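Encoded as structure tokens, the structure appears first; notes follow it.
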Amino acid sequence: MNGVEAFLLGRALMKIGEQAMPRPESGPPGPVRSVVVVLGDVVSHPGTTVGEIAARTGLPQSQVSTAVARLEQAGSVDTEPDPADRRRRLVRPAAEPSARVAEVRATTIDDALAVALTGPDGTAPHPDTVREVTAALELLARRLTPAVRAR
């Protein structure tokens, strides 16, 4: 596999993940990708600021602020004033996950993966193929994703 193939695989996996995410019952659905990127950064760097998240992720600060607000509303993160500079807020994972967080964590990618594996003629993938790909993805997640390894 070369870098381009790895990049394209990553994009395909992001699309599968986005399609698998349950839609919120209230509020605007909004883009999922930046919210997930921001949450991943907060989990890796608890007690961080919006500016620091923006610097690490490469996302615009306004997009990070919007994602933090959505995550706070969903109960995924908590914020508090920064003791060093009261104008800034520190962001950390929520101590107690909300019902929305539990819903997202409990939702599998099975249906979205089956759609992605559907043949060009509309033929559904064989169940063994779905199981094989799922097992490969779980192995990659354990090896490459710090938050998954910590579980």
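Numbers here simply count residues along the sequence, with the first being 1. Values in this document were obtained by computation on a predicted structure and should not be read as measured data.
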Subject >> Partner set under side chain to side chain donor-acceptor pair (under 3.5 Å) for Asn2, not counting sequence neighbours >> reply: none
Original post:
Hey, does Met21 have a side-chain heavy atom less than 4.5 Å from the side chain of Val36?
Top reply: yes
Original post:
Taking atom CG of Leu113 and atom CD1 of Ile109, what is their separation to the nearest 0.5 Å?
Top reply: 4.5 Å
Original post:
Apart from Met14 itself, which Ile, Leu, Val, Met, Phe, Trp or Tyr residues share its cluster (side-chain heavy atoms under 4.5 Å, direct or through members)?
Top reply: none
**OP:** Quick one: closest heavy-atom pair of Ala94 and Gly75, and the distance?
**Re:** CB-O, 3.2 Å
Original post:
Pick one: which of Val35, Val38, Val37 meets side chain to side chain contact (heavy atoms under 4.5 Å, CB included) with Val64?
Top reply: Val38
Original post:
Under 4.5 Å between side-chain heavy atoms, hopping through other hydrophobics if needed: is there a path connecting Leu90 to Val50?
Top reply: no
Original post:
Excluding sequence neighbours, so at least two apart, what forms salt bridge (Lys or Arg N to Asp or Glu O under 4.0 Å) with Glu72?
Top reply: none
Original post:
Measuring from Gln63:CD to Ile53:CD1, what's the distance to the nearest 0.5 Å?
Top reply: 12.5 Å
Original post:
Among all residues two or more places apart in sequence or in another chain, which pass the side chain to side chain contact (heavy atoms under 4.5 Å, CB included) test with Ala116?
Top reply: Ile16
**OP:** Calculate, to the nearest 0.5 Å, the distance between atoms OG1 and CZ belonging to Thr134 and Arg131 respectively.
**Re:** 9.0 Å
Subject >> Expected output: side-chain Arg89 to main-chain Thr79 donor-acceptor under 3.5 Å >> reply: yes
Original post:
Can you name the residues that form a salt bridge (Lys or Arg N to Asp or Glu O under 4.0 Å) with Asp41, not counting sequence neighbours?
Top reply: Arg56
Original post:
Is the count of non-hydrogen atoms from other residues, nucleotides or ligands lying under 6.0 Å from Glu132 atom CD greater than 12?
Top reply: no
Original post:
By side chain to side chain contact (heavy atoms under 4.5 Å, CB included), which residues pair with Glu103, not counting sequence neighbours?
Top reply: Pro22, Arg100, Thr107
Subject >> Over 12 non-hydrogen atoms of neighbours within 6.0 angstrom of CD in Glu80 >> reply: yes
Original post:
Taking the hydrophobic residues Ile, Leu, Val, Met, Phe, Trp and Tyr, and joining any pair whose side-chain heavy atoms are under 4.5 Å apart, which ones share a cluster with Phe7?
Top reply: Val4, Leu8
Subject >> Within one Ile-Leu-Val-Met-Phe-Trp-Tyr cluster: Met1 and Leu137, side-chain cutoff 4.5 Å >> reply: yes
Original post:
Going by the salt bridge (Lys or Arg N to Asp or Glu O under 4.0 Å) test, which pairs reach into residues 3-13, not counting sequence neighbours?
Top reply: none
**OP:** Side-chain contact test, heavy atoms from C-beta onward, threshold under 4.5 Å: evaluate it for Thr49 versus Val91 and give yes or no.
**Re:** no
Original post:
Checking salt bridge (charged side-chain N to carboxylate O under 4.0 Å, His left out) for the pair Arg33/Glu18: CA distance, chi angles, key distance, verdict?
Top reply: CA-CA 7 Å; Arg33 196 169 297 167; Glu18 287 175 332; 3.1 Å; yes
Original post:
Partners of Arg87 by salt bridge (Lys or Arg N to Asp or Glu O under 4.0 Å), sequence neighbours excluded?
Top reply: Asp85
Subject >> Summary of side-chain hydrogen bond (donor to acceptor under 3.5 Å, both in side chains) pairs that have at least one residue in residues 116-125, sequence neighbours excluded >> reply: Asp121-Thr123
**OP:** Could I get the full list of salt bridge (Lys or Arg N to Asp or Glu O under 4.0 Å) partners for Asp110, not counting sequence neighbours?
**Re:** none
Subject >> Under the side chain to side chain donor-acceptor pair (under 3.5 Å) test, residues paired with Asp111 that sit two or more places apart >> reply: none
Subject >> Residue pair Pro93 / Pro46: nearest heavy atoms and the distance that separates them >> reply: CD-CB, 3.8 Å
**OP:** Answer with yes or no whether the hydrophobic clustering places Leu13 together with Val115; edges join I, L, V, M, F, W, Y residues whose side-chain heavy atoms lie under 4.5 Å apart.
**Re:** no
Original post:
At what distance, to the nearest 0.5 angstrom, does CZ of Arg70 lie from OG of Ser34?
Top reply: 6.5 Å
